[in-house]
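Reading through the C-alpha cells given below for one structure.
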Amino acid sequence: MDLCWLSLVLSSSPPAGLPSIESLAFSVRKAELEDIRGLVDVLVESFHSSQGSPKWLQPLFKLGIYEDVRLRLRSRCDSYRCLIAIECGKTPLGKRDIIVGTVEISLRAFGGYRERLPYLANLAVSQSYRQQGVARLLLSKCEQIALEWGFPSLSLHVLEDNHAARQLYLSCGFQLHHTEMSWLGWLFPYPRRLLLQKTF
C-alpha cells in the first residue's frame, strides 16, 4: 500500500499555522517494532549527538533508548502512539522505510492535575531533513489523533534554552502555560522546563 497516498487521505485539512500535507514530500504512519532501529537512530542523533557528549557514551544512550521505545511499542496501549515520518518515494525496493522524524503522543496527567490529557514527547527530526516541514507534519498528525481521542488540545514540555524548538512550537500555535521551577535551578545553571499548550 502506498503510504504517501495514505497521508493525503486525511479526514480534515491541517489546522491553522501548519503546512498543507499535500505540499510535502513526507508521509506519517504509526511505528512498528521493525522500525525501531531507524527510529532510535533519529532520537540519538537529535538528543544525544556526538558533538554534545563523549563518543564512548553513544552506545549506552542508544541501548537505553532502544529498550525504552521497544517496551512502549510492545505495550499495545490504546492511549499511546509512536509516529514516524518517512520520505515518499525514497525507499529502495525490498528495504525498510527511511525514517526522517518521530514523535510520541499519549494521555498523561501532569502539573498536579488528575485528568489525563494528550501529551507530546520525543519530537525529533534527522538533521539532514530539518527545515523541510517534517516536524510540522508530525505535529499536525498528533492534532488529528488528539481530536480522535476526544480532546481539543495538546501539551508538551520544552527546555527554556531550546530556542529552535520553542520557535517551532510557538509558530504552530502553542502558548506558554506554565514555567516549572526545579531545585536544580537553584544549585546549577540548569534551564527551566516550559509547559506549552495548544487548543484547537
Side-chain angles (χ1 to χ4, degrees), residues 1-12 14-15 18-19 21 24-49 58-108 110 116-130 132-151 154-158 165 168-169 172 198:
M1 187 170 287
D2 185 354
L3 292 171
C4 296
W5 179 82
L6 279 179
S7 71
L8 301 178
V9 188
L10 298 174
S11 57
S12 60
L18 298 178
I21 289 173
L24 299 174
F26 304 99
S27 175
V28 173
R29 67 171 172 81
K30 185 178 174 183
E32 304 292 342
L33 275 172
E34 309 85 62
D35 301 312
I36 196 166
R37 289 187 188 279
L39 194 161
V40 168
D41 286 342
V42 172
L43 289 170
V44 170
E45 178 189 357
S46 295
F47 297 115
H48 301 286
S49 69
Q58 293 297 305
L60 294 176
F61 289 137
K62 201 165 191 173
L63 179 61
I65 292 171
Y66 181 95
E67 287 303 317
D68 283 346
V69 173
R70 187 175 68 87
L71 286 172
R72 289 195 293 274
L73 287 177
R74 293 183 66 167
S75 71
R76 306 290 183 198
C77 177
D78 290 337
S79 59
Y80 167 81
R81 302 258 178 94
C82 179
L83 304 176
I84 57 171
I86 61 172
E87 190 171 10
C88 294
K90 294 291 183 178
T91 306
L93 193 61
K95 301 282 186 180
R96 288 194 180 101
D97 291 327
I98 298 169
I99 299 169
V100 300
T102 183
V103 69
E104 295 175 74
I105 180 172
S106 61
L107 294 183
R108 181 171 154 186
F110 50 88
R116 297 192 317 153
L117 299 170
Y119 181 82
L120 298 183
N122 297 328
L123 175 63
V125 176
S126 183
Q127 253 181 339
S128 55
Y129 288 89
R130 290 177 187 169
Q132 297 181 47
V134 176
R136 291 175 183 271
L137 181 59
L138 287 163
L139 290 171
S140 174
K141 186 62 178 174
C142 286
E143 290 186 21
Q144 292 177 27
I145 291 170
L147 288 170
E148 287 170 17
W149 289 348
F151 295 91
L154 281 175
S155 300
L156 59 87
H157 280 98
V158 64
L168 167 70
Y169 297 135
C172 289
K198 178 177 181 178

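Take R130 and apply the side chain to side chain donor-acceptor pair (under 3.5 Å) test, not counting sequence neighbours, and it matches S46. Residues passing the side chain to side chain donor-acceptor pair (under 3.5 Å) test with Y119 are H157, sequence neighbours excluded. Scored by the side chain to side chain donor-acceptor pair (under 3.5 Å) test, K30 finds no partners at all (sequence neighbours excluded). For the side-chain contact (heavy atoms from CB on, under 4.5 Å) test, residues two or more places apart in sequence or in another chain that qualify with A135 are L123, V125, L168. Residues satisfying the side-chain contact (heavy atoms from CB on, under 4.5 Å) test with L60, not counting sequence neighbours, are W56, L57. Under the rule for a side-chain contact (heavy atoms from CB on, under 4.5 Å), the partners of R74 that lie at least two apart in sequence or sit in another chain are L33, R70.
L120 places none of its side-chain heavy atoms less than 4.5 Å from the side chain of L138. By the 4.5 Å heavy-atom criterion applied to side chains, E143 and K198 are counted as neighbours.
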Please tabulate, one pair per line, all N/O donor-acceptor pairs under 3.5 Å involving side-chain atoms of residues 98-107, not counting sequence neighbours.
residue : atom : partner : partner atom : Å
T102    : OG1  : L83     : O            : 2.8
E104    : OE1  : R72     : NE           : 2.6
E104    : OE1  : R72     : NH2          : 3.2
E104    : OE1  : Y80     : OH           : 2.6
E104    : OE2  : R72     : NH2          : 3.1
E104    : OE2  : N122    : ND2          : 2.6

Checking side chain to side chain contact (heavy atoms under 4.5 Å, CB included) for the pair E87/Q132: CA distance, chi angles, key distance, verdict?
CA-CA 11 Å; E87 190 171 10; Q132 297 181 47; 5.5 Å; no
Show your working on side chain to side chain contact (heavy atoms under 4.5 Å, CB included) between S140 and Q144 and close with a plain yes or no.
CA-CA 7 Å; S140 174; Q144 292 177 27; 4.0 Å; yes
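Side chain of E45 to main chain of Q127: a donor-acceptor pair is present (N/O by atom type, distance under 3.5 Å, no hydrogens or angles).
Expressed to the nearest 0.5 Å, how far NZ of K141 lies from CZ of R29 amounts to 12.5 Å. Atom CG of residue L39 and atom OH of residue Y66 lie 11.0 Å apart, to the nearest 0.5 angstrom. With values rounded to the nearest 0.5 angstrom, R116 atom CZ is found 8.0 Å from F151 atom CZ. To the nearest 0.5 Å, atoms CZ (F61) and CG (L43) are separated by 13.0 Å.
The two residues S126 and V42 make their nearest non-hydrogen contact at N-CG1, 3.8 Å. The two atoms that bring L73 and A31 nearest to each other are CD2-O, 4.0 Å, heavy atoms only. The minimum heavy-atom distance between L137 and S27, with the atom names listed, is CD2-N, 4.3 Å.
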